[in-house]
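Step one of this worksheet: look at the structure below.
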Amino acid sequence: MPLITHIHAIEILDSRGNPSLEVDVIADDGSFGRAAVPSGASTGHAEALELRDGNQNRYNGKGVLQAVNNVNGTLYEALAGIEITDQIRIDRTLLEIDGTDNKSNLGANALLGVSLAAAKCGAKASDLPLFRYLGDDQTNILPVPLLNVINGGAHADNNLDVQEFMLVPAGFDTFKEALRAGTECFHALKKLLNEKGMSTGVGDEGGFAPELATARESLDLLMASIETAGFRPGDQVYVALDVAAGEVGTREGPPYRLPGEGLEDASSEQLTDWYASLLASYPLVSIEDGLGDEDWNGWKKLTEALGEKVQLVGDDLFVTNTDRIKRGLSEGIANAVLIKPNQIGTLSETLAAVKLASSSSYGVMISHRSGETCDTTISDLAVASGCGQIKAGSASRGERIAKYNRLLRIEESLGEMASFAGATTFRQAVGN
Ligand code: PGA
Ligand code: ZN
């Protein structure tokens with residue numbers, strides 16, 4: 001098997017104009033892999049550390065030259081000569097050299113760039129597309145896309161407390177048709193906003209960021225956009241929320257402050273009741289980070305109250321970390337896990353988190369970050385894992401569309417063998 005001969009990182013820019021890393025890995029048979037690292041804005045406090053230079057003379061302190069140097073020096077020296085397809089050894093070496101739990105020594109951004117570029121190089125060396133290399137020769141499930149078409153919270157400058165309002169085109173036979181439906185609803189939404197004289201400028205993830213006041217107003221607009229586009233809400237197209245409640249609560253959780261919703265000093269129970277009322281009014285299939293990162297007791301009650309009716313996704317709660325997911329599993333907290341490779345820092349750990357969640361019948365949603373590049377690794381990861389769900393932003397902005405286009409290509413390449421995950425992926429809400 002080919003051996004690693006070159007590893008080289010440079011500082012590039014992400015979709016927000018902030019520095020990030022791009023890493024190239026080359027093996028001695030000429031195989032080449034390139035990966036770029038994303039970056040969050042509403043990050044969970046337990047995420048692995050993203051190493052930034054802190055030098056205020058460059059990019060407001062957000063440069064990543066130290067992480068670049070770590071790749072080109074220490075990590076290259078440690079990995080040169082290792083078999084390119086031995087991902088486990090590559091990732092284990094990355095972890096050993098860093099030597100910390102949260103990757104604070106060399107930086108999770110440095111580690112992830114190398115880990116993903118190595119996997120892409122390994123796929124090339126094996127003459128396989130990445131989704132096959134990470135999956136197997138039976139891998140064939142295309143995920144339901146969750147399109148974040150109205151942005152609020154930390155991702156937009158409007159007053160919406162909830163961070164993401166997503167369209168979920170799940171009731172179709174193919175990914176291609178689902179994406180078309182979601183995109184047509186996105187265009188219908190733009191028209192509706194125009195008619196109301198509201199802004200159609202887009203936020204970080206390509207969704208609109210109009211001056212809407214409440215979640216209900218936003219959800220009503222989503223319903224109208226689905227109908228205007230000629231689809232059936234609650235049958236073909238559903239909706240989902242990412243509340244990112246860690247951003248509106250304290251470190252421990254309550255009190256939660258959602259002034260736009262009339263929830264000024266809300267307890268976990270009050271938020272849970274609010275979700276129940278939204279569930280009664282809208283075809284909601286998934287609620288992400290309904291409570292804060294450390295509000296485990298609140299999460300338990302939320303899961304008891306609503307876990308049979310809707311997918312409850314832990315993002316900042318679990319941070320793609322198997323220790324935190326294990327706690328969730330043993331305490332019956334949430335019923336799905338959001339997977340973001342840069343929250344944990346290596347591909348092997350990401351795959352372990354997916355495996356742990358799915359083997360316990362928790363849902364799995366693969367996710368982008370609000371700061372992205374045109375890297376499409378998560379699309380392959382979503383197909384490879386067969387998880388059935390991906391959120392990669394709205395139907396606009398090149399770095400979001402790149403992920404959806406990659407899925408279109410994968411579906412095409414699979415031909416008759418391709419299978420679309422469909423609405424039953426959201427089994428709590430849709431049943432099967
Ligand atoms: P982030 O947002 O990338 O800013 O963390 C995405 C999310 O919360 O799901
Ligand atoms: Zn989230």
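Remember, it's 1-based here, ligands and their atoms both numbered in the order they're listed. What you see is a predicted model; the values in this text were computed from it and never measured.
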As an exercise, identify every atom of ligand 1 less than 4.0 angstrom from a heavy atom of Gln163. 2 (O), 6 (C), 7 (C), 8 (O)

For Asp204 and Arg400: C-alpha separation, side-chain torsions, deciding distance, then whether salt bridge (charged side-chain N to carboxylate O under 4.0 Å, His left out) applies. CA-CA 10 Å; Asp204 287 354; Arg400 316 292 149 183; over 6 Å; no

May I ask you to decide if Leu347's main-chain N or O and Ser115's side chain share a donor-acceptor pair within less than 3.5 Å? yes

Number the atoms of ligand 1 from 1 as they appear, then name those within less than 4.0 Å of a heavy atom of Asp315, with their elements. 7 (C), 8 (O), 9 (O)

Between Ser370 and Arg16, is there a side-chain donor-acceptor contact under 3.5 Å, judged purely by atom types and distance? yes

Is the contact between His368 and ligand 1 made by the side chain, the backbone, both, or neither, using heavy atoms and a 4.0 Å cut-off? neither

Looking only at the aromatic ring of each residue, does the gap between the centers of Phe165 and Phe208 stay below 6.0 angstrom? no

One thing to verify: whether Glu411 and Arg406 come together as a salt bridge, which I'm taking to mean a side-chain N less than 4.0 angstrom from a carboxylate O. no

List every atom of ligand 1 that sits less than 4.0 Å from any heavy atom of His155, numbering the atoms from 1 in the order shown and giving each element. 1 (P), 2 (O), 4 (O), 6 (C)

Kindly confirm or rule out an N or O of Arg16 lying under 3.5 angstrom from an N or O of ligand 1. no

So, does Asn148 use its side chain to make a donor-acceptor pair with the main chain of Gly207 at under 3.5 Å? no

Residue among Asp315, Thr320, Thr350, Asp316 satisfying side chain to side chain donor-acceptor pair (under 3.5 Å) with Lys340: Asp315

Using a strict 4.0 Å cut-off to heavy atoms of Ser370, name the atoms of ligand 1 that fall inside it. 1 (P), 3 (O), 4 (O)

In Asp242, the N/O/S atom nearest the Zn ion (ligand 2) carries the name OD2

Quick one: which ligand 1 atoms are inside 4.0 Å of a heavy atom on Lys391? 7 (C), 9 (O)

Quick note on ligand 1: atoms under 4.0 Å from a heavy atom of Gly40 include exactly 1 (P), 3 (O), 4 (O), 5 (O)

Could you say whether the N/O atoms of Asp242 and ligand 1 ever approach to under 3.5 Å? yes

Exercise answer: donor-acceptor pairs, residues 252-261 side-chain atoms, under 3.5 Å, sequence neighbours excluded:
residue : atom : partner : partner atom : Å
Tyr256  : OH   : Gly292  : N            : 2.9
Tyr256  : OH   : Asp295  : OD2          : 2.6
Arg257  : NH1  : Asp265  : OD1          : 2.6
Glu261  : OE1  : Ala215  : N            : 3.4
Glu261  : OE2  : Ala215  : N            : 2.7

Please confirm whether Ser42 comes under 4.0 Å of ligand 1, counting heavy atoms of the residue only. yes

Please state which option from Lys340, Gln343, Glu372 has its nearest heavy atom closest to atom 6 (C) of ligand 1. Lys340

Do the charged groups of Glu164 and Lys391 touch, with an N to O distance under 4.0 Å? yes

What atoms of ligand 1 come within less than 4.0 Å of a heavy atom belonging to Arg369? 1 (P), 3 (O), 5 (O)

Angular separation of OD2 (Asp315) and OE2 (Glu288) seen from the Zn ion (ligand 2), to 10°: 100°

